[in-house]
2 protein chains.
Amino acid sequence: MPKVIVEVMPKEVLLDPAGKATARALQRFGDGEITDVRIGKRFEITIDGEVTPKLLEHINEVAKDVLSNDVIEDVISIRVAD
Amino acid sequence: MPKVIVEVMPKEVLLDPAGKATARALQRFGDGEITDVRIGKRFEITIDGEVTPKLLEHINEVAKDVLSNDVIEDVISIRVAD
């Protein structure tokens with residue numbers, strides 16, 4: 001069955017404390033090249049049937065309204081998985 | 001600065017209760033086509049300098065040891081962002 005991948009990331013203007021803590025932990029391990037880490041979400045949505053343009057439009061709405069919090073997050077990508 | 005994207009998903013054999021709850025919520029809204037949702041993580045790692053094969057190998061280790069819990073999660077992708 002086809003899958004639709006929705007990717008959600010914290011807005012660029014926000015601090016993402018969990019990402020910052022991860023970056024600091026990696027730097028303590030000696031990873032000087034790593035300057036920043038941001039942590040977002042990846043949804044794999046399994047579809048029964050064909051992924052029509054109408055369904056993708058619907059998933060677009062669902063991604064904004066249900067899968068993400070648009071005060072603090074951006075939906076950065078919606079695509080059909082290969 | 002280049003970014004490396006690491007994607008982590010719950011193992012296929014595990015239930016992913018948050019994903020199941022999301023799928024049920026979407027089905028209640030009338031999304032009969034959506035049969036399953038799985039929720040993973042997406043890390044954006046900003047690199048100061050060039051992404052060398054050695055650094056990618058190192059990030060591969062970090063992804064397995066720090067960014068994911070290999071009892072319940074799989075690192076499904078590590079790639080340099082376009």
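Convention: sequence-line order gives letters A, B, ...; per-chain numbering from 1. Note: hydrogens, waters and symmetry copies are ignored here, and every other heavy atom, side chains too, is used.
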Does the side chain of Thr22(A) reach to within under 4.5 Å of the side chain of Leu67(B), using non-hydrogen atoms? yes

In terms of heavy-atom proximity below 4.5 Å to chain A, should Ile45(B) be classed as side chain, backbone, both, or neither? both

Glu33(A) side, atom CD; Glu50(B) side, atom CD - distance, nearest 0.5 Å: 11.5 Å

Within the structure provided, determine whether Arg42(B) and Ile76(A) are in side-chain contact (heavy-atom separation under 4.5 Å). yes

Membership question, hydrophobic clusters at under 4.5 Å side-chain separation (ILVMFWY): are Val4(A) and Val66(A) in the same one? yes

Do Ile34(A) and Ile47(B) have side-chain heavy atoms sitting under 4.5 Å apart? yes

Should Met9(A) and Glu44(B) count as side-chain neighbours, where that means a heavy-atom distance under 4.5 Å? yes

Please confirm whether the backbone N or O of Thr46(B) pairs with a side-chain atom of Thr35(A), one donor and one acceptor, at under 3.5 Å? yes

Quick check on Val37(A) against chain B: is it the side chain, the backbone, both or neither that has a heavy atom closer than 4.5 Å? both

Report yes if some heavy atom in the side chain of Glu7(A) is under 4.5 Å from a heavy atom in the side chain of Glu7(B); otherwise report no. yes

Would Val80(A) and Val6(A) show up in the same hydrophobic cluster when neighbours are defined by side-chain heavy atoms closer than 4.5 Å? yes

Which residues pass the side-chain contact (heavy atoms from CB on, under 4.5 Å) test with Ile72(A), not counting sequence neighbours? Leu14(A), Asn69(A)

I need the residue from Met1(A), Lys3(A), Arg38(A), Lys41(A) with the largest number of non-hydrogen atom pairs under 4.5 Å to chain B. Arg38(A)

Are Phe43(B) and Ile5(A) connected, step by step, through hydrophobic side chains (Ile, Leu, Val, Met, Phe, Trp, Tyr) whose heavy atoms are closer than 4.5 Å? no

Considering only heavy atoms from C-beta outward, does the side chain of Val62(B) approach that of Leu26(A) to under 4.5 Å? yes

